[in-house]
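Worksheet: one structure, shown below.
Since the model is a prediction, treat every value here as computed from it, not as a measurement. Reminder, nothing fancy here: chain letters follow the sequence lines and each chain counts from 1.
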Amino acid sequence: MQNKLSVSTSPHIRHFDTTAGIMLDVIIALLPATIFGCALFGLKAVLLVTVCIATCVAAEAVWNVILKKPQTIGDLSAVVTGLILGINLPTGVPVWVAIIGSIAAIIVVKQMFGGLGHNFVNPAMGARIILMVSFPAFMTTFHEPLVHTVSSATPIALEASKAVSYKNLFFGMHSGSIGETSAFLLLVGGIYLVVRRVISPIIPVCFIGATALFTYAFGGDGIYAILSGGVMLGAIFMATDYVTSPTTNWGKVIYGVACGIITAVIRKFGSLPEGVSYAIILMNILTPHINTITTAKPFGYVKEGKKQ
Amino acid sequence: MKQSKWNVFTNGLLRENPTLRLVLGTCPTLAVTTAAKNGVGMGIAATIVLVCSNAVISLLRNVIPEKVRIPAFITIIAGFVSVVQMLVKAFLPTIDTALGIYLPLIVVNCIILARAEMFASKNSFVPSVLDGLGMGIGFTAVLTLMGAIREFLGAGTLFSLPITAKVIDPMIIFLLPPGGFFVFGMLVAASNAIAKRRGKPIVEKMGCENCPAKDSCENAGNGCDEAKEAE
């Protein structure tokens, strides 16, 4: 914690978790999927991820200098935002679009609302949607792995034809955004975060489960739905952002299930092929209300009406 | 409080700019400013209605009974809006299509009703016309500026002339509602920054001392009902 907090009476338990430490864990957990994505899509992927991280950190540094605020880039949150935004882009995106997205993530979504801890939606998700709405052509130009001249739809757009086998989907041998292809490596990263107690498994499990269940209920293929597109990446790494997800356990269940339902509904009935980012953003905005309705009752609390 | 005629006119331009300082008429502001041309069209149409209705209301201010003044104002405003709408339909059909429902909706534009209630019903003919003209020009200027920014960033053109349209892909989001709110927020922030630099209070807390309309408000210092409720 960079913020100096004063506490009252002893005894105190000191915990050695720091913002930078948690962010470092998230970066470590994302590395396998990122490296795999870079190997799959080549130098353009490396370039995009690097540019996103560098721009995010630079944008935060410049903002702090101009507004004479204490420098916060040491907490690594800008690195995580840049990394997540970078691996959320397809390789058809030009570098200048990635730069605009990174600046939007840090300046508009995060710093204008007060910096880390005050952003109302996940900065990387907010930026992804800004880019998706602004540059739909670039954001849907997916390259085939290892063959950089052919572009095709992602497997999610080919769901009906079952063009990609479950095995290829699970290990990530298909087109898509840089870091979303390999469900296996994303799960490995997710398990690492759960073991390190950085995230609770409730949100990812509810999110992925609800997506599969409701896709099946709408007459689709539930397994295909969670292995293709951004469900794994979104559920494990973006929906679990501390700032924009509920703090109570029941709140996390509501949040995760609602994310899954919205994703399935948008994919099935919407005009967009992918609904993960919109689902997360919508639930991010509802998070304060979910926290309010699921607040634990203090011990011995009696309802107003029942009081004598 | 008596103001000089020049002051009455310049009030609406920056000091009490209806859109940025009084935050009135935000609905047409956000809806029609997808292009600079639409902003000019909307601004001029509203200005004509504002000047005419201010003039008529100030002339009739001693005849209109206090209790039915709002319906009376609306009737006068609606009359002028009909005139403007027919003229636009006849001579500028493209502007009419672009503005759509927002042209007849000038009837319920709060800038016009606010100026009728706050200024024209208490002042004589000449200051009322000047007030309407100043407010109208301020409104037009903001709409044009907003339209220009959104059109430039969202389509790469200015007044339909291509600037960067062929070179850089524009950010379509600026033509959509989120971009409208974003540009509007930035302009309000900029106008607050200018006001702060000139030593004027920022409209952060609503109350009589910070109200940008306090010079022309007869209840100044006593507080409006809303201000009391908020505190």
Side-chain angles (χ1 to χ4, degrees), chain A residues 48 55 59 63 66-68 85 88-114 118-141 151 270-272 277-278 280-282 284-285, chain B residues 19-21 23 26 29-36 38-39 145-158 160 162-197 202-205:
Chain A
L48 280 179
T55 315
W63 171 274
I66 291 176
L67 271 82
K68 301 190 179 70
L85 177 63
N88 258 296
L89 300 174
T91 39
V93 168
V95 170
W96 63 269
V97 169
I99 293 175
I100 290 181
S102 307
I103 293 173
I106 293 295
I107 301 297
V108 179
V109 185
K110 189 169 145 204
Q111 299 297 356
M112 278 189 180
F113 287 88
H118 301 278
N119 46 303
F120 71 114
V121 295
N122 183 318
M125 280 285 80
R128 191 191 130 89
I129 287 182
I130 291 173
L131 293 183
M132 191 74 204
V133 174
S134 297
F135 308 103
F138 292 138
M139 290 297 284
T140 48
T141 308
S151 57
S271 56
L272 297 161
S277 21
Y278 288 96
I280 295 176
I281 288 271
L282 280 171
N284 281 171
I285 295 166
Chain B
T19 347
L20 296 181
R21 300 286 287 153
V23 198
T26 44
T29 305
L30 291 164
V32 304
T33 53
T34 49
N38 297 350
L145 181 64
M146 239 182 105
I149 295 173
R150 289 179 69 184
E151 190 185 340
F152 178 67
L153 294 175
T157 59
L158 260 187
S160 307
I163 308 283
T164 57
K166 296 276 160 55
V167 194
I168 308 168
D169 292 82
M171 282 186 84
I172 301 165
I173 198 167
F174 279 103
L175 295 184
L176 302 171
F181 278 102
F182 181 74
V183 173
F184 184 54
M186 289 294 115
L187 287 179
V188 172
S191 84
N192 273 352
I194 295 170
K196 193 181 174 188
R197 192 159 293 175
I202 304 174
V203 199
E204 271 179 352
K205 216 173 96 191

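- Residue M112(A) touches chain B through its side chain alone, counting heavy-atom pairs closer than 4.5 Å.
- Heavy-atom distances place the side chain of L176(B), and not its backbone, under 4.5 Å from chain A.
- Proximity of I172(B) to P136(A): side-chain heavy atoms (C-beta onward) are separated by under 4.5 Å at one or more points.
- Residue contact with chain A, scored on non-hydrogen atoms closer than 4.5 Å, is absent for F174(B).
- Closest approach of F182(B) and V108(A) over heavy atoms only: CE1-CG1, 3.8 Å.
- Here CZ of F135(A) is found 7.0 Å from CG of D169(B). Values are rounded to the nearest 0.5 Å.
- In this structure, CD1 on I100(A) lies 11.5 Å from CD1 on I173(B), to the nearest 0.5 angstrom.
- P178(B) does not touch chain A: none of its heavy atoms, backbone or side chain, sits under 4.5 Å away.
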